[in-house]
Amino acid sequence: MPFWGMITDLLSGLLVSVEIFVFTLILALPLGFPIALGRMSQNRLLSGFFRLYISVVRGTPLMLQIIFVYFAPYIFFKMPLSRYPRLLATVLAFGLNYAAYFAEIYRGGILAVDRGQQEAAKALGLSRAQTFFRIILPQTVKRVVPAVGNEVITLVKDTSLAFTIAVTEMFTIAKQLSAANTTMAPLIAAGVFYYIFNYIVALGMERLEKRFAYYN
(Lines give C-alpha, C1' and ligand atoms only; values in the text may rest on other atoms or scores of the structure.)
Protein backbone atom coordinates (compact mmCIF):
# COMPACT_ATOMS: atom_id res chain seq x y z
CA MET A 1 0.00 0.00 0.00
CA PRO A 2 1.37 3.49 -0.84
CA PHE A 3 2.77 5.33 2.15
CA TRP A 4 0.63 8.43 1.74
CA GLY A 5 -2.47 6.32 1.27
CA MET A 6 -1.78 4.67 4.61
CA ILE A 7 -1.23 8.05 6.29
CA THR A 8 -4.48 9.40 4.83
CA ASP A 9 -6.44 6.41 6.15
CA LEU A 10 -4.86 6.74 9.59
CA LEU A 11 -5.62 10.48 9.71
CA SER A 12 -9.27 9.76 8.94
CA GLY A 13 -9.26 7.36 11.90
CA LEU A 14 -7.45 9.94 14.04
CA LEU A 15 -10.29 12.38 13.37
CA VAL A 16 -12.74 9.85 14.86
CA SER A 17 -10.42 9.35 17.86
CA VAL A 18 -10.36 13.13 18.40
CA GLU A 19 -14.17 13.23 18.21
CA ILE A 20 -14.44 10.55 20.90
CA PHE A 21 -11.90 12.43 23.03
CA VAL A 22 -13.57 15.84 22.73
CA PHE A 23 -17.17 14.69 23.18
CA THR A 24 -16.19 12.51 26.15
CA LEU A 25 -14.67 15.51 27.93
CA ILE A 26 -17.70 17.67 27.09
CA LEU A 27 -19.88 15.06 28.78
CA ALA A 28 -17.67 13.82 31.61
CA LEU A 29 -16.05 16.99 32.97
CA PRO A 30 -19.29 18.75 33.99
CA LEU A 31 -21.11 15.51 34.87
CA GLY A 32 -18.45 14.69 37.44
CA PHE A 33 -19.47 17.62 39.65
CA PRO A 34 -23.08 16.59 40.42
CA ILE A 35 -21.87 13.02 40.92
CA ALA A 36 -19.24 14.25 43.39
CA LEU A 37 -21.79 16.38 45.24
CA GLY A 38 -24.23 13.46 45.31
CA ARG A 39 -21.49 11.23 46.67
CA MET A 40 -20.89 13.78 49.45
CA SER A 41 -24.58 14.28 50.20
CA GLN A 42 -25.80 13.80 53.76
CA ASN A 43 -28.77 11.93 52.30
CA ARG A 44 -27.72 8.30 52.75
CA LEU A 45 -29.85 7.03 49.88
CA LEU A 46 -28.45 9.58 47.43
CA SER A 47 -24.90 9.15 48.68
CA GLY A 48 -25.23 5.36 48.58
CA PHE A 49 -26.49 5.43 44.98
CA PHE A 50 -23.55 7.47 43.73
CA ARG A 51 -21.11 5.46 45.84
CA LEU A 52 -22.41 2.30 44.14
CA TYR A 53 -22.28 3.92 40.71
CA ILE A 54 -18.66 4.97 41.16
CA SER A 55 -17.74 1.56 42.58
CA VAL A 56 -19.28 -0.33 39.64
CA VAL A 57 -17.74 1.95 37.01
CA ARG A 58 -14.28 1.84 38.56
CA GLY A 59 -14.50 -1.88 39.31
CA THR A 60 -15.40 -3.12 35.82
CA PRO A 61 -13.46 -2.90 32.51
CA LEU A 62 -14.25 0.04 30.24
CA MET A 63 -14.40 -2.40 27.34
CA LEU A 64 -17.27 -4.25 29.05
CA GLN A 65 -19.05 -0.97 29.73
CA ILE A 66 -18.84 0.00 26.04
CA ILE A 67 -20.41 -3.30 25.03
CA PHE A 68 -23.15 -2.93 27.65
CA VAL A 69 -24.04 0.64 26.63
CA TYR A 70 -24.16 -0.37 22.96
CA PHE A 71 -26.40 -3.40 23.43
CA ALA A 72 -28.52 -2.04 26.32
CA PRO A 73 -31.17 -0.35 24.11
CA TYR A 74 -31.73 -3.62 22.26
CA ILE A 75 -31.73 -5.75 25.41
CA PHE A 76 -34.12 -3.55 27.40
CA PHE A 77 -36.18 -1.80 24.70
CA LYS A 78 -35.72 -4.01 21.63
CA MET A 79 -34.34 -1.03 19.72
CA PRO A 80 -32.72 -2.15 16.44
CA LEU A 81 -28.97 -1.71 16.65
CA SER A 82 -29.01 -0.07 13.22
CA ARG A 83 -30.75 2.95 14.81
CA TYR A 84 -28.17 3.34 17.55
CA PRO A 85 -24.93 4.91 16.24
CA ARG A 86 -21.81 3.15 17.44
CA LEU A 87 -20.02 6.44 17.96
CA LEU A 88 -22.82 7.70 20.21
CA ALA A 89 -22.68 4.51 22.29
CA THR A 90 -18.91 4.90 22.59
CA VAL A 91 -19.13 8.52 23.76
CA LEU A 92 -21.85 7.67 26.30
CA ALA A 93 -19.83 4.77 27.70
CA PHE A 94 -16.65 6.85 27.89
CA GLY A 95 -18.50 9.84 29.36
CA LEU A 96 -20.19 7.81 32.11
CA ASN A 97 -16.91 6.05 32.89
CA TYR A 98 -14.72 9.14 33.09
CA ALA A 99 -17.37 11.12 34.96
CA ALA A 100 -17.00 8.65 37.83
CA TYR A 101 -13.22 9.15 37.94
CA PHE A 102 -13.53 12.92 37.67
CA ALA A 103 -16.14 12.86 40.47
CA GLU A 104 -13.67 11.24 42.86
CA ILE A 105 -11.00 13.75 41.85
CA TYR A 106 -13.42 16.64 42.42
CA ARG A 107 -14.50 15.17 45.77
CA GLY A 108 -10.89 15.00 46.90
CA GLY A 109 -10.34 18.60 45.82
CA ILE A 110 -13.43 19.82 47.68
CA LEU A 111 -12.48 17.96 50.86
CA ALA A 112 -8.97 19.41 50.68
CA VAL A 113 -10.31 22.95 51.19
CA ASP A 114 -10.01 23.89 54.85
CA ARG A 115 -13.40 23.78 56.60
CA GLY A 116 -12.46 26.93 58.46
CA GLN A 117 -12.99 28.87 55.23
CA GLN A 118 -16.57 27.62 55.06
CA GLU A 119 -17.16 28.69 58.65
CA ALA A 120 -15.65 32.10 57.94
CA ALA A 121 -17.88 32.52 54.89
CA LYS A 122 -20.91 31.59 56.98
CA ALA A 123 -19.91 34.17 59.57
CA LEU A 124 -19.73 36.79 56.81
CA GLY A 125 -23.29 35.98 55.82
CA LEU A 126 -22.58 34.11 52.60
CA SER A 127 -25.06 31.45 51.56
CA ARG A 128 -23.97 27.84 50.94
CA ALA A 129 -24.19 28.43 47.19
CA GLN A 130 -22.12 31.62 47.38
CA THR A 131 -19.56 29.87 49.58
CA PHE A 132 -19.26 26.99 47.13
CA PHE A 133 -18.98 29.01 43.93
CA ARG A 134 -16.90 31.91 45.25
CA ILE A 135 -14.59 30.19 47.73
CA ILE A 136 -14.56 26.41 47.45
CA LEU A 137 -14.90 25.91 43.68
CA PRO A 138 -11.98 28.17 42.58
CA GLN A 139 -9.62 26.42 45.02
CA THR A 140 -10.96 23.00 44.02
CA VAL A 141 -10.35 23.65 40.33
CA LYS A 142 -6.78 24.69 41.02
CA ARG A 143 -6.12 21.61 43.14
CA VAL A 144 -7.63 19.06 40.76
CA VAL A 145 -6.10 20.22 37.48
CA PRO A 146 -3.01 17.93 37.72
CA ALA A 147 -5.11 14.84 38.53
CA VAL A 148 -7.66 15.69 35.84
CA GLY A 149 -4.76 16.13 33.43
CA ASN A 150 -3.58 12.58 34.11
CA GLU A 151 -7.06 11.22 33.35
CA VAL A 152 -7.31 13.30 30.18
CA ILE A 153 -4.00 11.89 28.95
CA THR A 154 -5.23 8.37 29.72
CA LEU A 155 -8.37 9.10 27.70
CA VAL A 156 -6.26 9.72 24.58
CA LYS A 157 -5.02 6.12 24.73
CA ASP A 158 -8.37 4.69 25.83
CA THR A 159 -10.03 5.93 22.63
CA SER A 160 -8.53 2.84 20.99
CA LEU A 161 -11.03 0.71 22.98
CA ALA A 162 -13.76 1.91 20.61
CA PHE A 163 -12.71 -0.96 18.36
CA THR A 164 -14.74 -3.16 20.75
CA ILE A 165 -17.95 -2.26 18.89
CA ALA A 166 -16.26 -1.75 15.51
CA VAL A 167 -15.94 2.04 15.58
CA THR A 168 -13.40 2.84 12.87
CA GLU A 169 -11.04 5.00 14.92
CA MET A 170 -7.32 5.08 14.28
CA PHE A 171 -6.33 1.88 16.07
CA THR A 172 -9.00 -0.12 14.23
CA ILE A 173 -7.81 1.20 10.87
CA ALA A 174 -4.17 0.54 11.77
CA LYS A 175 -4.99 -3.10 12.62
CA GLN A 176 -6.91 -3.53 9.36
CA LEU A 177 -4.10 -2.05 7.27
CA SER A 178 -1.49 -4.11 9.10
CA ALA A 179 -3.41 -7.35 8.54
CA ALA A 180 -4.19 -6.58 4.90
CA ASN A 181 -0.61 -5.66 3.99
CA THR A 182 1.25 -7.99 6.41
CA THR A 183 3.32 -5.16 7.84
CA MET A 184 3.77 -3.41 11.18
CA ALA A 185 4.16 -0.01 9.52
CA PRO A 186 0.52 1.12 10.08
CA LEU A 187 0.70 0.19 13.78
CA ILE A 188 4.00 2.02 14.18
CA ALA A 189 2.58 5.07 12.41
CA ALA A 190 -0.51 4.94 14.62
CA GLY A 191 1.76 4.82 17.68
CA VAL A 192 3.51 7.97 16.47
CA PHE A 193 0.17 9.72 15.95
CA TYR A 194 -0.99 8.70 19.43
CA TYR A 195 2.23 10.07 20.90
CA ILE A 196 1.83 13.40 19.09
CA PHE A 197 -1.82 13.60 20.18
CA ASN A 198 -0.82 12.84 23.76
CA TYR A 199 2.03 15.34 23.68
CA ILE A 200 -0.29 18.14 22.52
CA VAL A 201 -2.82 17.30 25.23
CA ALA A 202 -0.12 17.10 27.92
CA LEU A 203 1.28 20.45 26.80
CA GLY A 204 -2.17 22.00 26.98
CA MET A 205 -2.78 20.62 30.47
CA GLU A 206 0.62 21.91 31.61
CA ARG A 207 -0.27 25.41 30.45
CA LEU A 208 -3.63 25.10 32.18
CA GLU A 209 -1.88 24.19 35.43
CA LYS A 210 0.27 27.31 35.17
CA ARG A 211 -2.79 29.44 34.48
CA PHE A 212 -4.53 28.17 37.62
CA ALA A 213 -1.43 28.61 39.79
CA TYR A 214 -2.77 31.91 41.17
CA TYR A 215 -2.91 30.55 44.73
CA ASN A 216 0.78 29.64 44.82
Peer 1: Let me have the donor-acceptor pairs involving side chains of residues 144-158, under 3.5 Å, with sequence neighbours excluded, atom names and distances please.
Peer 2:
unit_1: T154; atom_1: OG1; unit_2: N150; atom_2: O; d: 3.0
unit_1: D158; atom_1: OD2; unit_2: Y98; atom_2: OH; d: 2.6

Peer 1: Taking all atoms of both residues into account, what is the closest heavy-atom pair of V16 and T168, and its distance?
Peer 2: CG2-O, 3.8 Å
Peer 1: Please round to the nearest 0.5 Å and tell me the distance separating atom CD1 of I26 and atom CZ of F21.
Peer 2: 10.5 Å
Peer 1: Are Y70 and V167 packed together at the side-chain level, in the sense that at least one heavy-atom pair is separated by less than 4.5 angstrom?
Peer 2: no
Peer 1: Hey, what do you get for CG (N181) to CD (Q176), rounding to the nearest 0.5 Å?
Peer 2: 11.5 Å
Peer 1: Would you call R58 and E104 a salt bridge, taking side-chain N to carboxylate O under 4.0 Å as the test?
Peer 2: yes
Peer 1: Quick check: closest heavy atoms across I67 and T164, and the distance to 0.1 Å?
Peer 2: CG1-CG2, 3.3 Å
Peer 1: Give, for atom CG of N97 and atom OG1 of T24, the distance between the pair rounded to the nearest 0.5 Å.
Peer 2: 9.5 Å
Peer 1: Under 3.5 Å, which donor-acceptor pairs link side chains of residues 36-51 to any protein atom two or more places apart or in another chain?
Peer 2:
unit_1: S41; atom_1: OG; unit_2: N43; atom_2: N; d: 3.0
unit_1: N43; atom_1: OD1; unit_2: L45; atom_2: N; d: 2.9
unit_1: N43; atom_1: OD1; unit_2: L46; atom_2: N; d: 3.1
unit_1: S47; atom_1: OG; unit_2: R39; atom_2: O; d: 3.0

Peer 1: In Å, rounded to the nearest 0.5 Å, how long is the span from CG of D9 to CG of L14?
Peer 2: 12.5 Å
Peer 1: Can you list the residues that meet the side-chain contact (heavy atoms from CB on, under 4.5 Å) rule with F76, with sequence neighbours excluded?
Peer 2: F68, A72
Peer 1: About how many Å separate CD1 of I165 and OG1 of T172, when rounded to the nearest 0.5 Å?
Peer 2: 10.0 Å
Peer 1: Return each pair, listed once, that meets salt bridge (charged side-chain N to carboxylate O under 4.0 Å, His left out) where at least one residue sits in residues 10-38; pairs must be two or more places apart or across chains.
Peer 2: none
Peer 1: Tell me the ring-ring contact (aromatic ring centres under 6.0 Å, His included) pairs involving residues 144-165, sequence neighbours left out?
Peer 2: F163-F171
Peer 1: Which atom pairs, donor and acceptor, lie under 3.5 Å between side-chain atoms of residues 188-206 and protein residues at least two apart or in another chain?
Peer 2:
unit_1: Y194; atom_1: OH; unit_2: E169; atom_2: OE1; d: 3.3

